[in-house]
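Written out below as structure tokens is the structure these notes cover.
Nothing here was measured: the structure is a model prediction, and the numbers come from that model. In the text below, chain A, chain B and the rest are named by the order of the sequence lines, each starting its count at 1. We use all heavy atoms of the structure for the numbers below, so side chains are in, but hydrogens, waters and symmetry mates are not.
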Amino acid sequence: MEKKDSTSKKSDQELARQVKLQKLSQEGIDLFPHKINITHSVSEIISAYSSLSKEDFEEKKIRVIVPGRIISIRKMGRASFFHLSDSRGKLQAYLREDNVGKKNYQLFSLIDIGDIIALDGVLFKTKTGELTVLTESFKFLAKCLHPLPEKWHGLQDLELRYRKRHLDLIVNPEVVEVFRLRSAIIAYTRKFFDERGYIEVETPMMHPIPGGALARPFKTYHNALGMELYLRIAPELYLKRLVVGGLDKVYEINRNFRNEGISSEHNPEFTMLEFYEAYCDYNDMMDMTEELINYLSRTILGKEEITYGEHIISLQKPWKRIRFKEALSYYSGIAPGKFDDREGIIELASTLAPDKGPFSYGKALDVIFDKYVKPNLIQPTFVINPPKEVSPLAKASPENPDEAERFELIIAGMEIANAFSELTDPDEQRERFEQQAEERERGDEESHMIDTDYINALEYGLPPTGGEGIGIDRLVMVFANRKTIREVILFPLLRPKE
RNA sequence: GGGCCGUUAGCUCAGAGGGAGAGCACCGGCCUUUUAAGCCGGGUGUCGCUGGUUCGAGUCCAGCACGGCUCACCA
């Protein structure tokens, strides 16, 4: 598909645009000028003046200098209508030879759809009532050297949309809205935590030991120090060091990198919100999660219900809470007693996911959970107390030492959040790491590495702390009703063409 | 990584063994309140790439590339 870049052969339409560029240059016109003073944007004009009547415009003679990209042209002999757009709206303009002069009208005929120009003119309403700029003069701001996709369908080809996101944004206004929504979610999330006395921090993206999650890392190398580094898979261990240091409420919104497969729910780099609050446990985290997501929905969407595909998702508090093992037997149909048969469960997991082994008991339960439970949880659901052995950084549950004080929040069948009462005992943390190391030796590349520096930090005293990670991309998917993560990431990872 | 599907004009797509099509866009002409403007004229193409089958391949077969869905893993 990628056969028309600047180095390859040009299409007839690109050649035609090149010819127009040369003609305009020969007329002494600067097609890529430095600066222009404008009075309004397209969307400012629309919001400020749409409600005025024809008579208002005749009386007030509102003059504007407005820039925008030309997205349509209707030429009618010695007069033309066209639409200018910015990323939030489009505005019609009218240009007549008897207003701009014969010479300028000829120059205008060298304008293409896609060019960026500025108009100087007076607002009026046409006889069909459309707000329009009566153009008195115009100035080129940038020439567009490629034809734009057609006006009815926009750009549909997914590969092209992701590879040329700039073009996608020009011709598909609904795509712009998704990213405005994403921006609002992040902005209001910051507001939510800032108002609660949290401080936002930035911790390293390059880790000597990748930790805080169970995933395969990307590896890189620092020349001057002569050391291998890993792109972080989670900021968790650094954020908890900060709590040790007395920063009782911290959060970070930033990228994580996991060297795993790409799918509709996975991009190798993705945005994670992580927050930690001292003197809290996982129950407090559940309350705060309900509050945050409910707040985002009310504030940004103005409602507590979200349409997602064929589902209506209610974000009204409180949300369902179900124990991991209860969810397992309820949705898998496996009798609760059967879960005590550790060998049998491991065997079942091996048939469900043969590539994934070797299995520990806890990991086998995880596989069964992903297969039978997760897809059924559409309404927001906290799945609490998963097996301790797949939660090496979480406190054990006092009532049941095999379970962790941890939850996963599932919405629309996706894991949106993961949180726990943080494990604060350095000796127990060392033991958990050692157990993970054994699994690593048995061939599980995703097991946690031993991080003695982190254990040393814990030895200074981490107060009881609740911590949580929320996958921002997936949250945006739910809010924007998008079924693939590529629709909420501006530049998703693609294999290079050619 | 496995399975299934896709790749034809700038864009959106049709064409399923007999030599390349439509709409928009584009090019030429007409047109001073149009808006999916209209009217007249013009197809602008390495049918993803490489091989094979065939008298003949966009069409059938194989391999490759990229993408999509899905399974597996992770958030």
Legend entry - Salt bridge present between A:D86 and A:R88 (N-O < 4.0 angstrom):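 Answer for the salt bridge query: no.
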Among the candidates [options], find the nucleotide nearest to the side-chain atoms of [X].
X	options	result
A:D12	B:U44, B:G68, B:A37	B:U44
A:T126	B:G10, B:U12, B:U34	B:U34
A:R163	B:A72, B:G67, B:U34	B:G67
A:D98	B:U12, B:U32, B:G68	B:U32
A:K127	B:C69, B:A36, B:U34	B:U34
A:K151	B:C73, B:A25, B:U70	B:A25
A:K20	B:U33, B:C27, B:A36	B:C27
A:M76	B:U32, B:G67, B:C24	B:U32
A:L155	B:U12, B:G68, B:U33	B:U12

Legend entry - CD1-CE distance between A:I485 and A:M414, expressed to the nearest 0.5 angstrom: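 Here the interatomic distance stands at 8.5 Å.
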Inset, instruction - Could you tell me how the ring of A:F57 sits relative to the ring of A:Y49: parallel (under 30°), tilted (30 to 60°) or perpendicular (over 60°)? - result: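 The arrangement is perpendicular - the two ring planes meet at more than 60°.
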Inset, instruction - Name the residue closer to the 5' end of RNA chain B, choosing between A:K125 and A:M414 according to the nucleotide with the nearest heavy atom. - result: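 Whichever sits nearer the 5' end wins; that is A:K125.
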Legend entry - B:C66 versus B:C26 - spacing of their P atoms, nearest Å: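 Result for the P pair: 34 Å, nearest Å.
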Looking at [X] and [N], is any side-chain donor or acceptor paired with a base atom of the opposite kind under 3.5 Å?
X	N	result
A:Q13	B:A25	yes
A:E130	B:U34	no
A:R78	B:U32	no

Under 4.0 Å, counting only non-hydrogen atoms across every strand here, what does [X] touch: a base, just sugar-phosphate, or nothing?
X	value
A:F124	base
A:K90	nothing
A:T484	sugar-phosphate

Inset, instruction - Could you state the atom-to-atom distance from CD of A:E14 to P of B:A25 in whole Å? - result: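 From A:E14 CD to B:A25 P: 18 Å.
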Legend entry - Flag for A:E274-A:Y276: side-chain donor and acceptor within less than 3.5 Å: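 Checked: A:Y276/A:E274 side chains pair up, N/O donor to acceptor below 3.5 Å.
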